[in-house]
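In what follows, every chain begins at residue 1, and chains take the letters A, B, ... in the order their sequences are listed.
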There are 2 protein chains.
Amino acid sequence: MRLGEGVEWGLHCCVTLAWLEQEWPVPTGRLAAWFDLPPEYLKKRLQALTRAGILASVPGVRGGFSLARPPERITLMDVVAAVEGPVEPFRCQEIRQRGVSGLGAASEFRRACGIATAMRRAELAWRRELAAQTIADLMAAAPAASAERTRRRYAQMGG
Amino acid sequence: MRLGEGVEWGLHCCVTLAWLEQEWPVPTGRLAAWFDLPPEYLKKRLQALTRAGILASVPGVRGGFSLARPPERITLMDVVAAVEGPVEPFRCQEIRQRGVSGLGAASEFRRACGIATAMRRAELAWRRELAAQTIADLMAAAPAASAERTRRRYAQMGG
DNA sequence: GCTTGTATACTCGGATACAAAATGTCCGAGTTCTACGGG
DNA sequence: CCCGTAGAACTCGGACATTTTGTATCCGAGTATACAAGC
């Protein structure tokens, strides 16, 4: 199992955008140069965040992206779900109903598959942890100097 | 994010093997027919479980697979890790150190990335839930008639 | 009839093709700024 | 000198290739069985 790298990109971009609130909107090219990422592909992922209502986009020559909600109201689960699409680590195929195993046991299948239930329990614990943390929490956990340094360096980038 | 279907196969096979303890070893062909799965590919996954020390394999004409440990000592985490390989949903690429973002902030990077920490916290919650449940728990949660029906039908398969 | 040797059929084990998804790239639609012409 | 208008540059948005991962399959190594021959 592996989570796409776009998740890391999206989270870092959200935190950076929160720190650069004064500079909104921020174009993709700036964010790509900021983290040395492929600009076009990063844009694709930011679009996904926009479709999910986490970012807001402005077209045109002075356009770019900005946060659509205050950082306190954007959870890590929101970002992961937006970038990865419908997240469902374990997908029960109901193989218990197939082959010899499924013959003459219809009554047992009215109850949910115990394996699917167990896997889903773990998935819910994961989602709960992600939903309990917000972009604001990440900002608070970062070194104190990060926010100020980010704003200063961004201004130095020129434009 | 998506977990390979081999996880479901592996878990169902472990439970079934536990119920069929009297019939060990059980060849791949039987298990494949049991759940209507591609035999060769299922074998590949059972080999992974064998390499991890969860199953034991016996070659030869009367060979097959059996549980290498009692069901109480096989956790869901063991099976998932064996089938999926090194499971690490979020893989921090340290993009914070790249591009403009990483200039002149070496001191901040001595501390772990807050985003990686947050994601890992969720991953650990997931692993904890998986490690807390065993194959024996799945057997206990299954309908009471399942074990007996499995043994009876397996005997009827012939051989 | 019993033992022994050999051939055979069936099993696991790893190396090899195929398909799907994630990654990366490209072109088109829209908006703002700028420059030029007119008043 | 000021205003209006038209052009151009820059941005987002979605559609199109390429690489990586997961899925599926094939052939080779090894072992217990069954059969036949010899004692």
Side-chain angles (χ1 to χ4, degrees), chain A residues 1-10 13 17 23-33 35-52 54-66 68 80 82-91 93 95 158-159, chain B residues 1-10 13 17 23-33 35-52 54-66 68 80 82-91 93 95 158-159:
Chain A
M1 182 171 66
R2 189 180 147 206
L3 216 52
E5 57 191 350
V7 171
E8 183 182 5
W9 302 2
C13 286
L17 281 173
E23 310 285 345
W24 287 355
V26 178
T28 304
R30 292 291 190 87
L31 287 171
F35 294 114
D36 188 25
L37 300 175
E40 295 299 321
Y41 189 39
L42 175 61
K43 181 159 65 71
K44 188 188 186 74
R45 292 305 169 86
L46 296 180
Q47 287 173 14
L49 290 170
T50 302
R51 276 193 294 270
I54 295 171
L55 300 185
S57 66
V58 176
V61 59
R62 291 263 175 164
F65 291 93
S66 49
V80 171
V83 173
E84 287 287 314
V87 177
E88 190 177 11
F90 182 82
R91 205 172 39 164
Q93 305 279 65
I95 66 171
Chain B
M1 184 171 69
R2 190 182 145 207
L3 216 52
E5 57 189 351
V7 171
E8 183 181 5
W9 300 4
C13 286
L17 281 173
E23 310 286 343
W24 289 354
V26 177
T28 304
R30 291 291 190 87
L31 287 170
F35 294 114
D36 188 25
L37 301 175
E40 295 299 320
Y41 189 39
L42 174 62
K43 180 159 64 73
K44 187 186 187 75
R45 293 302 168 87
L46 296 180
Q47 286 174 15
L49 290 169
T50 301
R51 277 192 294 271
I54 295 170
L55 298 187
S57 66
V58 175
V61 58
R62 291 264 175 162
F65 292 92
S66 47
V80 170
V83 174
E84 287 287 312
V87 177
E88 191 176 10
F90 182 81
R91 205 171 38 164
Q93 305 279 64
I95 67 170

Quiz item: Does the side chain of B:Glu8 reach to within under 4.5 Å of the side chain of B:Phe35, using non-hydrogen atoms?
Solution: no

Self-check item: Per-nucleotide protein contact string for nucleotides 5-22 of chain C (B base, S sugar-phosphate only, - none; heavy atom under 4.0 Å)
Solution: -----BBSBBB-------

Exercise. Only counting residues at least two apart or in another chain, list the ones meeting side chain to side chain contact (heavy atoms under 4.5 Å, CB included) with B:Pro27.
Key: B:Arg30, B:Tyr154

Quiz item: Hey, are the side chains of A:Thr28 and A:Leu31 touching, using non-hydrogen atoms and a 4.5 Å cut-off?
Solution: no

Quiz prompt | ring-ring contact (aromatic ring centres under 6.0 Å, His included) against B:Phe90, all qualifying residues, sequence neighbours excluded | solution = none

Practice problem: Check whether any side-chain heavy atom of A:Arg91 lies under 4.5 Å from a side-chain heavy atom of B:Glu5, and answer yes or no. | Solution: no

